[in-house]
Amino acid sequence: MLKLIIFGPPSAGKGTQAQRLSERYGIPQIATGDLLRDAVAKQTPLGAKIKSYLDSGRLGPDDLIVQLISDRVSKPDCAGGYILDGFPRTMGQARELDKMAEVDIVLNIVVDMERLVERAIGRRTCGQCAAVYHVSFNPPKAPGVCDKCGSGLIQRDDDKEDTVRNRLRIYMEQTAPLLEHFRMNDNLVDIDGSKGIDGVFDQMVEAIERVRA
Ligand code: AMP
């Protein structure tokens, strides 16, 4: 059983690392942003409620998000653990999570704020399988085409510069204060996010192996 939180500002590389860790440890990546975008694309009732939040980069209401996660972690594929990517993002969500589960480790990706805008603007995601690329730092083999499934890559609407800056501001105001909460739970590990995709992954695996030992 392994329960992880990948924490950090928007475009710190949470999704990229969560995908890799999911493959390595055989546990699902639970990315709130992907679940929400999927709900919008499928025009579900949740999607209708959440669309305006996604478009503007604001955080969705805690009750909706907590319900979404609580349903997801109850599924059979989560029996051996899971990786939370993009949850919790508010104090309210963190308190609800504490009631729901005991998390083994919080991996906090530390990245210089200046670099985040650059990373977000260059990010491309697969419309089909949600794999993540960057036009310069992690390009696909053929431009605009997903290496994993061959579908077309898209730029998320909320990766445009204005929305990115808004998301960063919201992170600083509402999400970064959670670090203090995790520190009190004594399971927070800082990861140097400037070390490249492999370097960041290696630090994470090392930290996970330490808590499992
Ligand atoms: P992400 O893909 O993680 O960058 O999330 C994209 C967007 O989904 C965010 O800008 C929010 O609008 C929404 N979102 C994702 N996770 C959460 C969360 N834990 N709480 C509230 N809103 C969220």
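Any value given below was found using the heavy atoms of this structure, including those in side chains, with hydrogens, waters and symmetry copies removed. Every number for a ligand or one of its atoms is a count from 1 in the order of the listing.
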Centre of Phe137's six-membered ring, under 6.0 Å away, within 45 degrees of the axis: is that where NZ or CZ of Arg115 sits? yes
Looking at Arg58, which atoms of ligand 1 are within less than 4.0 Å of one of its heavy atoms? 11 (C), 12 (O)
Should we count NZ of Lys160 as having more than 12 external heavy atoms under 6.0 Å? yes
What residue and atom, counting heavy atoms only, is the protein's closest point to atom 15 (C) of ligand 1, and at what distance? Arg89 NH1, 3.2 Å
Would you say Asp63 and Gln67 are linked by a side-chain donor-acceptor pair, where the criterion is simply a distance under 3.5 Å? no
Under 3.5 Å, side chain of Gln17 to main-chain N/O of Gly13, donor-acceptor pair present? no
Take a 6.0 Å sphere around CD of Gln155 and say whether it holds more than 12 heavy atoms from other residues, nucleotides or ligands. yes
Do Thr163 and Asp158 meet the criterion of a side-chain donor-acceptor pair at a distance under 3.5 Å? no
Should you measure from each heavy atom of Gly57, which atoms of ligand 1 turn up under 4.0 Å away? 10 (O)
Under a 4.0 angstrom heavy-atom cut-off, which atoms of ligand 1 come close to Leu59? 21 (C), 22 (N)
Would you mind listing which atoms of ligand 1 come within a distance below 4.0 Å of any non-hydrogen atom of Ile65? 18 (C), 19 (N), 20 (N), 21 (C), 22 (N)
Would you call the rings of Tyr171 and Phe7 parallel, tilted or perpendicular if under 30° counts as parallel and over 60° as perpendicular? tilted
Could you name the option among Asp34, Leu36, Ile170 that has the heavy atom nearest to atom 23 (C) of ligand 1? Leu36
Taking only heavy atoms of Asp158, which atoms of ligand 1 are found under 4.0 Å from at least one of them? 6 (C)
What residue and atom, counting heavy atoms only, is the protein's closest point to atom 8 (O) of ligand 1, and at what distance? Leu54 CD2, 3.0 Å
Close-contact set for ligand 1 against Gln93 heavy atoms, below 4.0 Å: 18 (C), 19 (N), 20 (N), 21 (C)
Of all the atoms in ligand 1, which lie at a distance below 4.0 Å from a heavy atom belonging to Tyr53? 12 (O)
Can you list the atoms of ligand 1 that are under 4.0 Å from a heavy atom of Arg37? 2 (O), 6 (C)
Which of the listed options, Gly86, Ala31, Pro61, holds the heavy atom that is closest to atom 19 (N) of ligand 1? Gly86
heavy-atom search around atom 21 (C) of ligand 1 in the protein gives Gly60 N, 3.2 Å
Report yes or no: do Ile30 and Leu2 belong to one cluster of Ile/Leu/Val/Met/Phe/Trp/Tyr joined by side chain heavy-atom distances under 4.5 Å? yes
Answer yes or no: does an N/O atom from Arg167 fall short of 3.5 Å to an N/O atom of ligand 1? yes
Check: Asp85 side chain, Ile6 main-chain N or O, donor-acceptor pair, under 3.5 Å: no
